[in-house]
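The structure appears right after this line, and notes come after that.
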Amino acid sequence: QVRLVESGGGLVQPGGSLTLSCAASENINVYTMAWYHQAPGKRRDLVAAIESGGRTKYEDPVKGRFTISRDNAEKTVHLQMNSLKPEDTGVYYCMILNLGVWGQGTQVTVSS
């Protein structure tokens with residue numbers, strides 16, 4: 001079964017930027033990939049998704065601030081996060097929507 005490993009999380013000040021990466025163990029070019037966010041004590045919510053053809057979707061809280069992209073040759077998906085806010089704090093998970101496969105998550109903390 002394909003495995004996903006996220007990286008790139010960390011501590012950043014409000015207004016700062018981070019880029020998250022999701023590396024897959026197998027080809028992902030036919031799959032829709034997504035990033036989810038789970039704030040402390042809350043459910044896991046969709047942040048952004050990218051179809052195999054490159055079409056993207058963003059949830060309202062991150063529109064204009066986050067950018068999802070994919071590199072099928074490298075079997076990776078990225079989430080560029082700009083203008084970060086304290087409410088963006090939480091664990092970010094990568095997911096293959098077609099298969100229901102999750103990564104282990106990477107922690108993002110936005111705090112001064």
Side-chain angles (χ1 to χ4, degrees):
Q1 179 175 332
V2 62
R3 297 181 304 277
L4 302 173
V5 178
E6 300 94 333
S7 62
L11 173 64
V12 63
Q13 292 186 344
S17 299
L18 279 176
T19 299
L20 306 183
S21 296
C22 171
S25 61
E26 301 176 16
N27 287 332
I28 56 169
N29 51 306
V30 299
Y31 300 130
T32 296
M33 304 296 295
W35 284 97
Y36 280 74
H37 168 231
Q38 187 166 21
K42 297 191 176 181
R43 70 179 187 185
R44 199 175 294 186
D45 288 326
L46 177 68
V47 170
I50 184 166
E51 296 180 354
S52 58
R55 186 167 65 177
T56 57
K57 171 187 175 179
Y58 298 92
E59 294 303 301
D60 286 345
V62 306
K63 282 182 179 177
R65 300 190 298 124
F66 291 10
T67 302
I68 189 171
S69 61
R70 65 191 299 158
D71 184 336
N72 288 331
E74 295 294 327
K75 298 179 288 187
T76 57
V77 180
H78 302 286
L79 186 69
Q80 172 68 44
M81 306 187 296
N82 298 325
S83 302
L84 283 162
K85 304 175 181 179
E87 51 264 43
D88 296 321
T89 292
V91 181
Y92 285 77
Y93 297 90
C94 181
M95 184 196 188
I96 303 176
L97 285 180
N98 312 71
L99 302 179
V101 173
W102 294 92
Q104 86 290 346
T106 185
Q107 174 71 41
V108 171
T109 302
V110 184
S111 175
S112 54

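Just the heavy atoms: all of them, side chains too, but no hydrogens, waters or symmetry mates, feed the values below.
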Candidates Val101, Leu99, Leu97 - the one meeting side chain to side chain contact (heavy atoms under 4.5 Å, CB included) with Tyr31
Leu99
Can you measure from OG (Ser52) to CZ (Arg70) and round to the nearest 0.5 angstrom?
6.5 Å
Closest heavy-atom contact between Ala34 and Ile68?
CA-CD1, 4.5 Å
Check: Ser69 and Val77 side chains under 4.5 Å, non-hydrogen atoms
no
Do Ser7 and Thr106 come close enough that some side-chain heavy atom pair is under 4.5 Å?
no
Heavy-atom pair of closest approach, residues Tyr93 and Gln104
CE2-O, 3.5 Å
Met33 side chain near Leu4 side chain, heavy-atom distance below 4.5 Å
yes
Thr89 side chain reached by Gln107 side chain, heavy atoms, under 4.5 Å
yes
Taking the six-membered ring of Trp102 as reference, does the cationic atom of Arg3 (NZ for Lys, CZ for Arg) lie under 6.0 Å from its centre and within 45° of its axis?
no
Heavy-atom side-chain contact between Gln38 and Tyr92 under 4.5 Å
no
Step through it carefully: locate the ring centre of Trp35, locate the ring centre of Phe66, and say whether they are under 6.0 Å apart.
no
CD1 of Ile96 to SG of Cys22, rounded to nearest 0.5 Å, is 7.5 Å
Assigning hydrophobic clusters by single linkage (Ile, Leu, Val, Met, Phe, Trp, Tyr; side-chain heavy-atom cutoff under 4.5 Å), is Tyr58 placed with Val47?
yes
Ile28 and Thr76: which non-hydrogen atoms are nearest, and at how many Å?
CD1-N, 4.1 Å
State plainly whether one hydrophobic cluster holds both Ile50 and Leu46, where clusters connect Ile, Leu, Val, Met, Phe, Trp and Tyr through side-chain heavy atoms under 4.5 angstrom apart.
no
Do Val110 and Leu20 sit in one hydrophobic cluster, given that two such residues count as connected whenever their side-chain heavy atoms are within less than 4.5 Å of each other, even indirectly?
yes
Shortest non-hydrogen contact from Arg65 to Leu84?
NH1-CA, 3.9 Å
Regarding Asn82 and Ser17, is there a side-chain donor-to-acceptor distance under 3.5 Å anywhere?
yes
Test item: Gln80 side-chain N/O and Thr19 main-chain N/O as donor-acceptor pair under 3.5 Å
no
Report yes or no: do Ser21 and His78 form a side-chain donor-acceptor pair below 3.5 Å?
yes
Which atoms form the tightest heavy-atom contact between Asn98 and Val30, and what is the distance?
ND2-O, 4.5 Å
Is atom CD of Glu74 surrounded by more than 12 heavy atoms (other residues, nucleotides or ligands) closer than 6.0 Å?
no
Verify, without hydrogens or angle tests, whether Asp71 (side chain) and Ala73 (backbone) share a donor-acceptor contact under 3.5 angstrom.
yes
Taking the side chain as every heavy atom from C-beta outward, state whether Ser111 and Pro86 have any pair of such atoms under 4.5 Å apart.
no
Short N-O contact, Asp60 and Lys63, less than 4.0 angstrom:
yes
Contact check, side chains of Asp45 and His37, non-hydrogen atoms, under 4.5 Å
no
